[in-house]
There are 2 protein chains.
Amino acid sequence: MDISKILDYIHQLPEQSKLALQNNVTEIAFAKGHILLKANKVESNIYFIKKGLVRAYVERDNEVTFWFGKEGETIISMKSYVEDQPGYETIELLEDCELYELKTENLRKLFNEDVHIANWGRKFAEKELIKTEERLISKQFKNASERYLELMKDHPELLQRVQLGHIASYLGITQVSLSRIRAELK
Amino acid sequence: MDISKILDYIHQLPEQSKLALQNNVTEIAFAKGHILLKANKVESNIYFIKKGLVRAYVERDNEVTFWFGKEGETIISMKSYVEDQPGYETIELLEDCELYELKTENLRKLFNEDVHIANWGRKFAEKELIKTEERLISKQFKNASERYLELMKDHPELLQRVQLGHIASYLGITQVSLSRIRAELK
DNA sequence: GAAAAAAATTAACAAATGATAAAAAATGAA
DNA sequence: TTCATTTTTTATCATTTGTTAATTTTTTTC
């Protein structure tokens, strides 16, 4: 998905504002397995995914995957981006990826100069917020197998592209539990 | 908490922009038990809490409380505010409340006219996003009693002001489970 | 302050999920 | 292809959380 489409997909922008953003973006590619972003560091770039798939995880006793990003989606260390503080997430590439890179610093400048871009940034955060809130609510009153079915319905392609251990972690259960759930559904 | 402080608390605003917002705000009060916002309706106002306490819940077989708002916080039906669609949450007043009311329509106008207000709105969504994401992650790798201890640490006053059934629901467990956890901690 | 109503706790048993280990299946490298 | 490695499944038992119902405590109302 090319950058112009990605930007508009987040929120429609006037041509001039879109160009201002595009002028600050550079293309970059990494191989599967690459760690794009490390936890506990202030990250100074954000990325848009042109092609490929990544996951965000938090490291504890085990790794907890809490987000998958694919074509058209945006990779951000929220804490870095919002509060200039070290982030809690690590981003790992699950496939070879082509990315668009944008320096946070430049984006901030644009936010202050262009009301359309400021509102575009607002829309981005608001949409992400709704998605996250819906997942939280789903986690609160659906059991593991309902959440699995929901994921199958909403993002069937993930099950083809991501190994089950990561899916299980994303659903908040162990891989063994997920295997059991899948067996029961047959 | 008065409106000027609430607005700045979300994100510092130039005096003129703050006044523009304040000019669109009216004060209003409701009694404990009042339903401020109903699920499945498009809501045309947002509210800032001057005084009091509210909860947001989703209705399923049971009620699932997923948010508490107190002095200084903002009451929004996210779906209404962001996508002009009926929201999923109902807002109930847990105490007598004094609120500041702001018409979504007027806020949208201000977002398009004033870059400072647009960025203020962006910051609001971003901060809420981080809070929600942290709760999601916490839900993903902490068990019920760890989540209870976390809530006690971060928001001890809630335990004084909110009945345990709502707390249990917020933590994603039954009230009976919460009682058991509290008994074990003694 | 007593009675009624609501909220919180306790107990017993059921169901869901976790932990560990072993086996089977799939994937990748030589 | 074949061997080694990784991923997934299966099985068993332990732990956590849910369900229901009864009891106690707290709050509200008259």
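These numbers come from a predicted model, not from an experiment. First the proteins, then the strands, lettered A, B, ... as listed; each starts at 1.
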Is it true that a side-chain atom of A/R55 and a backbone atom of A/T65 form a donor plus acceptor pair closer than 3.5 Å? no

Looking only at the aromatic ring of each residue, does the gap between the centers of B/F68 and B/Y170 stay below 6.0 angstrom? yes

Quick one: A/I173 CD1 to D/dT8 P, roughly how many Å, whole number? 13 Å

In whole Å, what is the span from the CD atom of B/E184 to the P atom of D/dT15? 13 Å

Over how many whole Å does the gap from B/N143 atom CG to C/dA19 atom C1' extend? 15 Å

So CG of A/L129 and CD1 of B/I130: to nearest 0.5 Å the spacing works out to 11.0 Å

Interatomic distance, B/Q140 CD vs C/dG18 P [rounded to whole Å]: 11 Å

Is it the case that one hydrophobic cluster holds both B/Y9 and B/Y100, taking links as side-chain heavy atoms less than 4.5 Å apart, direct or via other members? no

Sugar-phosphate atoms are those with a prime plus P, OP1 and OP2; base atoms are the rest. Using that split, label each nucleotide of nucleotides 5-12 of chain C B, S or - for protein heavy atoms under 4.0 Å, 5' to 3'. --SBBBBB

Verdict with supporting geometry, B/L107 and B/K103, side chain to side chain contact (heavy atoms under 4.5 Å, CB included): CA-CA 6 Å; B/L107 181 57; B/K103 286 194 194 314; over 6 Å; no

Measure the distance from CG on B/N62 to P on D/dT17 and round it to the nearest whole Å. 17 Å

For the pair B/E105 and B/S44, evaluate side chain to side chain donor-acceptor pair (under 3.5 Å) and give the outcome as yes or no after the intermediate values. CA-CA 7 Å; B/E105 192 191 331; B/S44 57; over 6 Å; no

Scan nucleotides 25-30 of chain C nucleotide by nucleotide, 5' to 3', and note B when protein non-hydrogen atoms come under 4.0 Å of the base, S if they reach only the sugar-phosphate, - if neither. ------

Residue pairs passing the ring pair (Phe, Tyr, Trp, His ring centres under 6.0 Å) test where at least one lies in residues 23-54 of chain A, sequence neighbours excluded: A/F30-A/H34

Round to the nearest Å and state the distance from A/L171 atom CG to C/dG18 atom P. 11 Å

Given B/E146, B/R147, B/E150, B/E133, the one that forms side chain to side chain donor-acceptor pair (under 3.5 Å) with B/S138: B/E150

